[in-house]
Amino acid sequence: MGKITIAIDGFSSTGKSTIAKQLAKLLGYVYVDTGAMYRAVTLYAMQKGYIGNENEEEKIDELIADLSNITLKFVYNDTLGFSEMYLNGENVEKEIRALPVSKLVSRVATLEEVRKKLVAMQQEMGKDKGLVMDGRDIGTVVFPDAEFKVFMTASPETRAFRRYKELLDKGEKVTYDEVLKNVRYRDYTDSNREFSPLKKADSAIEFDNSDMGLKEQLERIYNFALRKIEETKA
Ligand code: DC
């Protein structure tokens with residue numbers, strides 16, 4: 001069967017990665033979580049003191065000058081059944097999902113130089129097709145020619161509640177209001193940034209999953225994908 005490129009974009013905590021991961025498994029495709037890449041760069045910037053401190057503005061230039069020293073790698077974990085993010089050789093999967101990184105990542109994702117570096121890496125990963133990539137600009141910037149594009153939405157409250165439960169399950173001490181505030185803040189910065197703002201690609205199907213279970217979402221998107229693969233062969 002011919003392979004296609006599948007782009008899944010949308011707001012934060014819409015369940016993009018859960019769907020993308022399972023879809024990739026069903027199709028035997030590679031899955032790439034581009035949010036993890038922006039999160040890892042953010043963690044690096046925090047570790048080096050470039051952001052999240054009082055002289056924040058002054059240090060962005062230093063972060064940009066240091067970008068070439070950042071190596072990102074996805075390493076497949078057989079036991080877990082998914083890939084984990086390694087930053088300069090170290091597994092940072094847990095740190096990049098925690099709230100301190102979530103609070104700063106949108107800011108790092110506004111930087112043109114960061115986006116250029118990560119988009120080039122993503123295009124290289126997808127050059128042979130047969131992949132499902134999720135993010136914010138996959139269908140618009142990274143793979144504008146992707147054969148199948150999905151744009152996922154859900155209300156901010158639904159998304160904040162999902163995220164809140166996830167973080168509690170991981171043992172983090174957060175409040176629902178704090179998570180909702182972060183979701184709203186990221187929606188705003190992701191949608192209004194100058195470079196590659198989050199927006200639905202013209203050819204993307206919009207998917208509001210506020211009231212839809214995972215099984216139904218996956219079934220629908222999988223069937224769409226199969227149709228696209230068939231069409232591409234014809
Ligand atoms: O999908 P996520 O919540 O893990 O993404 C984290 C942040 O990274 C999000 O607030 C916006 C940014 N991002 C982006 O700008 N472009 C992408 N392709 C993926 C993520």
Side-chain angles (χ1 to χ4, degrees), residues 5-21 31-46 51-52 63 67 70 72 74 82-85 87 92-126 131-144 146 149-154 156 158-164 166-167 170 172 174 179-201 204 207 209:
T5 302
I6 301 178
I8 303 197
D9 289 304
F11 291 96
S12 63
S13 306
T14 40
K16 295 185 301 293
S17 54
T18 308
I19 290 289
K21 216 182 274 179
Y31 162 63
V32 180
D33 168 7
T34 62
M37 300 168 78
Y38 289 92
R39 286 172 179 272
V41 173
T42 305
L43 179 65
Y44 181 84
M46 288 164 70
I51 56 164
L63 166 63
L67 283 178
I70 301 180
L72 304 179
F74 286 105
F82 58 83
S83 296
E84 295 179 300
M85 170 54 72
L87 165 64
V92 290
E93 197 52 38
K94 187 161 188 287
E95 294 92 315
I96 62 169
R97 309 289 168 190
L99 204 52
V101 169
S102 298
K103 284 184 173 166
L104 293 168
V105 62
S106 274
R107 170 150 172 57
V108 171
T110 60
L111 303 172
E112 188 182 16
E113 293 80 357
V114 171
R115 303 206 70 85
K116 272 194 188 151
K117 175 182 169 97
L118 298 190
V119 167
M121 286 175 66
Q122 292 152 11
Q123 288 171 334
E124 177 63 26
M125 290 179 207
L131 99 163
V132 182
M133 189 175 271
D134 83 47
R136 303 293 189 287
D137 57 345
I138 312 305
T140 51
V141 176
V142 183
F143 295 117
K149 300 179 188 177
V150 182
F151 189 81
M152 296 189 52
T153 63
T158 305
R159 291 184 282 126
F161 190 66
R162 287 178 189 157
R163 193 72 168 188
Y164 171 63
E166 247 173 57
L167 291 169
K170 286 183 186 164
E172 284 210 35
V174 287
V179 177
L180 178 61
K181 203 169 140 204
N182 179 249
V183 162
R184 290 212 161 105
Y185 164 73
R186 285 205 287 149
D187 284 359
Y188 183 81
T189 31
D190 292 349
S191 308
N192 291 284
R193 65 179 175 228
E194 188 180 353
F195 305 107
S196 326
L198 168 66
K199 65 172 197 274
K200 179 182 161 303
F207 217 80
N209 65 15

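The first residue in the sequence is number 1, and the count goes up from there. Both ligands and their constituent atoms are indexed starting at 1 by order of listing. Since this is a predicted model, take the numbers as computed values, not measurements.
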Side chain or backbone, does Asp134 bring an N or O within less than 3.5 Å of an N or O on ligand 1?
no
Can you find a side-chain donor-acceptor pair between Ser17 and Asp33 that sits under 3.5 Å?
no
Heavy-atom contacts with Ala109 under 4.0 Å: which atoms of ligand 1 show up? List them by number with element.
12 (C), 15 (O)
Atom 19 (C) of ligand 1: the protein heavy-atom neighbour that sits closest, reported with distance to 0.1 Å:
Thr34 OG1, 3.3 Å
of all protein heavy atoms, closest to atom 18 (N) of ligand 1 is Asp137 OD1, 2.8 Å
For a 4.5 angstrom cut-off between non-hydrogen side-chain atoms, does Ile51 reach Val108?
yes
Sub-4.5 Å side-chain heavy-atom contact between Arg163 and Ser102:
yes
min-distance protein heavy atom vs atom 3 (O) of ligand 1 -> Arg186 NH1, 3.0 Å
Hey, are the side chains of Phe11 and Lys16 touching, using non-hydrogen atoms and a 4.5 Å cut-off?
no
Under 3.5 Å between some N or O of ligand 1 and some N or O of Arg163?
no
Does the side chain of Arg107 come under 3.5 Å of the side chain of Thr42 through a donor N or O and an acceptor N or O?
no
Option whose closest heavy atom lies nearest to atom 9 (C) of ligand 1, chosen from Arg136, Lys103, Gln122:
Arg136
Which segment of Met133 sits under 4.0 Å of ligand 1 when only heavy atoms are counted:
neither
Which of the numbered atoms in ligand 1 are below 4.0 angstrom from a heavy atom of Ser106?
10 (O)
Would you say ligand 1 has an N or O under 3.5 Å from any N or O of Arg97?
no
Any nitrogen or oxygen of Asp33, main chain or side chain, under 3.5 Å from a nitrogen or oxygen of ligand 1?
no
Whether the Arg136 and Tyr38 side chains hold a donor-acceptor pair (N or O, under 3.5 Å, no angle test) is what I'd like checked.
no
Surrounding CZ of Phe74 (heavy atoms of other residues, nucleotides or ligands, distance under 6.0 Å), is the total greater than 12?
yes
Residues at least two apart in sequence or cross-chain that pass salt bridge (Lys or Arg N to Asp or Glu O under 4.0 Å) with Asp187, listed by chain then number, are Arg159
Counting only heavy atoms not in Lys200, do more than 12 fall under 6.0 Å of its NZ?
yes
Quick one: does Arg115 get within less than 4.0 Å of ligand 1, heavy atoms only?
yes
Who's the nearest protein heavy-atom neighbour of atom 4 (O) of ligand 1, and how far?
Arg39 NE, 2.7 Å
